[in-house]
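Residue numbers run from 1 in the order of the sequence given.
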Amino acid sequence: MDMQTGAIKPRLSFWQLWNMSFGFFGIQFGFALQNANTSRIFSTLGADPDNLALYWLAAPVTGLLVQPVIGYLSDNTWHPKWGRRRPFFFIGAVLAAIALFLMPNSAALWMAVAVLWMMDAAINVSMEPFRAFVGDKLDASQQTAGYAMQTFFIGCGAVIASLLPVFFESMGVSNEAVGGMIPQTVRYSFYAGGAIFFLAVLWTVVSADELPPADMDAFNAERKHARSLGVALTEIVGGFTRMPKTMVQLAFVQFFTWIALFAMWIYTGSAIADNVFGTTDAQSSEFQAAGSFVGVMFAVYSGVSALAAFLLPVFARATSRKTVHACCLAIGGLSLASIYLITDKNMLMLPMIGVGLAWASILTMPYAILAGSLPAKRMGYFMGLFNFFVVIPQICSGLLLGGVTKHFFGGHTVMTVALGGGCMLIAAVLTLFVTDRAAPVKAGI
């Protein structure tokens with residue numbers, strides 16, 4: 001039974017959970033290619049290392065603007081065939097596929113930054129309704145399993161996407177930045193990612209259905225009222241004053257968590273190139289080799305997250321969701337900080353295991369905890385609003401980490417990565433103060 005509406009939701013089978021989550025396999029292809037290769041692309045096109053974080057601002061600013069609006073619109077959408085969330089899955093997939101084809105063909109830095117805006121906006125159009133989709137379709141006792149299934153596909157998609165440049169290089173494709181242009185391995189990886197993104201999301205659009213509003217007349221009346229621009233803006237902005245207590249508490253956890261993740265995504269490439277491969281020259285073969293190796297590292301943590309996705313709900317039943325999340329964040333923080341001490345590239349796989357455990361929990365537990373505290377008819381909007389506490393720390397990182405790296409760390413980005421580990425440890429402590437209105441969780445999926 002849905003705790004907010006009292007309506008009984010059908011219990012879904014394993015394969016129904018599979019179909020409704022499969023689109024995340026494609027979505028994560030886009031994010032994984034972005035996270036592992038954007039700094040490499042920017043550096044290859046001549047970006048100043050001190051400004052890398054500023055160039056990345058395109059991604060979180062886009063999410064800040066797009067996700068609450070998309071969540072609000074999807075809450076007030078219903079089509080007899082397409083449903084509520086699936087129109088947004090499909091539109092976002094088309095736009096994201098186009099952006100993934102454009103990104104590796106950027107001929108100048110400004111073009112790559114502009115395409116990043118487009119790509120991140122499109123991915124967000126698809127992604128956030130997927131978070132609300134779980135709350136729409138699943139009873140509270142299945143929601144943790146639903147988010148775990150999404151995490152599984154996120155991990156699988158990220159593993160393959162992160163390894164694509166290495167795969168293409170093994171097939172004889174050039175990994176050199178000839179004439180300052182983006183390597184062919186990266187180009188082909190983005191082309192494959194664009195196709196897979198679209199096809200995976202299309203699978204969910206075609207194979208999954210949606211539950212209609214319980215009271216269609218009331219829904220239509222409310223939707224008509226919501227079409228007013230003034231009403232829409234008032235509700236979107238006013239949501240900040242109506243956030244449930246649990247959401248406010250999770251906001252602080254998310255803030256420090258995502259500073260850590262943003263530091264890792266922006267600076268791991270240059271940190272490994274400097275600390276392990278012994279170069280800071282973005283045009284050198286060693287720097288490009290470091291970039292490909294970071295893809296392998298990211299594939300390891302993504303693979304661990306896919307495997308851990310179905311174990312975390314088991315531990316959550318034995319303890320609690322917030323205990324599991326706090327432990328995973330603590331392990332991830334210590335692992336990320338330890339990269340500062342490692343100079344042997346083969347040893348870098350060990351901290352990625354810990355980061356993978358943290359990543360699995362980050363993608364599962366906060367959303368499972370949050371879903372139980374949200375009103376059902378505003379699930380999409382509040383899930384979009386929750387993304388503010390993902391993108392605000394990223395914006396802070398973009399504005400501040402470059403200066404911190406330059407003035408406090410002497411340009412050594414490996415120290416910035418270690419700082420990210422410290423932030424994740426703070427998030428672990430704050431998790432212990434979150435109120436989790438956990439519903440009884442039945443055994444199995």
Side-chain angles (χ1 to χ4, degrees), residues 1-7 9 63-64 67-68 71-72 75 127-148 150-151 235-261 312-313 315-330 332 358-393 423-441:
M1 178 179 291
D2 185 89
M3 302 300 290
Q4 298 294 337
T5 66
K9 296 181 179 180
L64 188 70
Q67 291 205 9
Y72 179 83
D75 282 341
M127 186 189 72
E128 205 56 38
F130 262 100
R131 297 296 191 190
F133 201 35
V134 171
D136 291 342
K137 287 178 65 70
L138 298 183
D139 181 84
S141 66
Q142 271 198 302
Q143 286 175 355
T144 301
Y147 288 115
Q150 288 187 352
T151 301
E235 290 199 20
I236 290 172
V237 175
F240 282 102
T241 64
R242 299 191 299 273
M243 290 191 300
K245 178 182 177 181
T246 297
M247 187 171 175
V248 175
Q249 294 167 335
L250 283 170
F252 290 97
V253 176
Q254 293 289 83
F255 182 84
F256 287 99
T257 298
W258 284 86
I259 285 181
L261 292 172
L312 295 184
F315 289 116
R317 285 195 294 270
T319 56
S320 70
R321 293 185 292 205
K322 72 177 186 179
T323 298
V324 169
H325 193 48
C327 291
C328 288
L329 288 177
W359 183 232
S361 189
I362 290 165
L363 294 173
T364 304
M365 293 305 165
Y367 297 98
I369 293 170
L370 180 64
S373 69
L374 297 180
K377 67 179 182 179
R378 289 290 176 262
M379 186 71 68
Y381 167 68
F382 277 111
M383 284 292 182
L385 186 64
F386 189 54
N387 190 63
F388 270 52
F389 308 112
V390 171
V391 300
I392 289 174
C423 289
M424 195 172 286
L425 288 171
I426 294 173
V429 174
L430 291 174
T431 302
L432 299 174
F433 297 94
V434 173
T435 301
D436 181 9
R437 295 171 56 189
V441 181

Revision key, fill the gap. Note: Phe389 and Trp258 closest approach over all heavy atoms is O-CD1, 4.4 Å

Review point. How many angstroms lie between CZ in Phe252 and OG1 in Thr257, if you round to the nearest 0.5 Å?
Key: 13.0 Å

Review point. Distance from Cys328 atom SG to Phe315 atom CZ, nearest 0.5 Å?
Key: 9.0 Å

Revision key, fill the gap. In terms of heavy-atom contacts, Cys423 and Ile259 come closest through SG-CG2, 3.7 Å

Review point. What pairs with Phe130 under ring-ring contact (aromatic ring centres under 6.0 Å, His included), at least two apart in sequence or on another chain?
Key: Phe24, Phe89

Exercise for review: Determine yes or no for a side-chain-to-main-chain donor-acceptor pair under 3.5 angstrom, with Thr435 supplying the side chain and Thr246 the backbone.
Suggested key: no

Check your understanding: Would you call Asp436-Arg321 a salt bridge at under 4.0 Å N-O?
Key -> yes

Check your understanding: Can you find a pair of side-chain heavy atoms, one from Thr364 and one from His325, that are under 4.5 Å apart?
Key -> no

Revision key, fill the gap. Between the CD atom in Gln249 and the OG1 atom in Thr431, the distance rounded to the nearest 0.5 Å is 10.5 Å

Review point. About how many Å separate CD1 of Ile362 and CD of Gln254, when rounded to the nearest 0.5 Å?
Key: 7.5 Å

Review point. Roughly how far, to the nearest 0.5 Å, is the CG atom of Leu329 from the CE atom of Met365?
Key: 11.0 Å

Revision key, fill the gap. Distance col, row Tyr147:OH vs Ile369:CD1, nearest 0.5 angstrom, shows 11.5 Å

Point to revise | Val434 to Lys322 - nearest heavy-atom pair and separation | key: O-NZ, 3.0 Å

Revision key, fill the gap. Closest heavy-atom pair, Ala428 versus Ala330, reported as atoms and distance to 0.1 Å, is CB-N, 3.6 Å

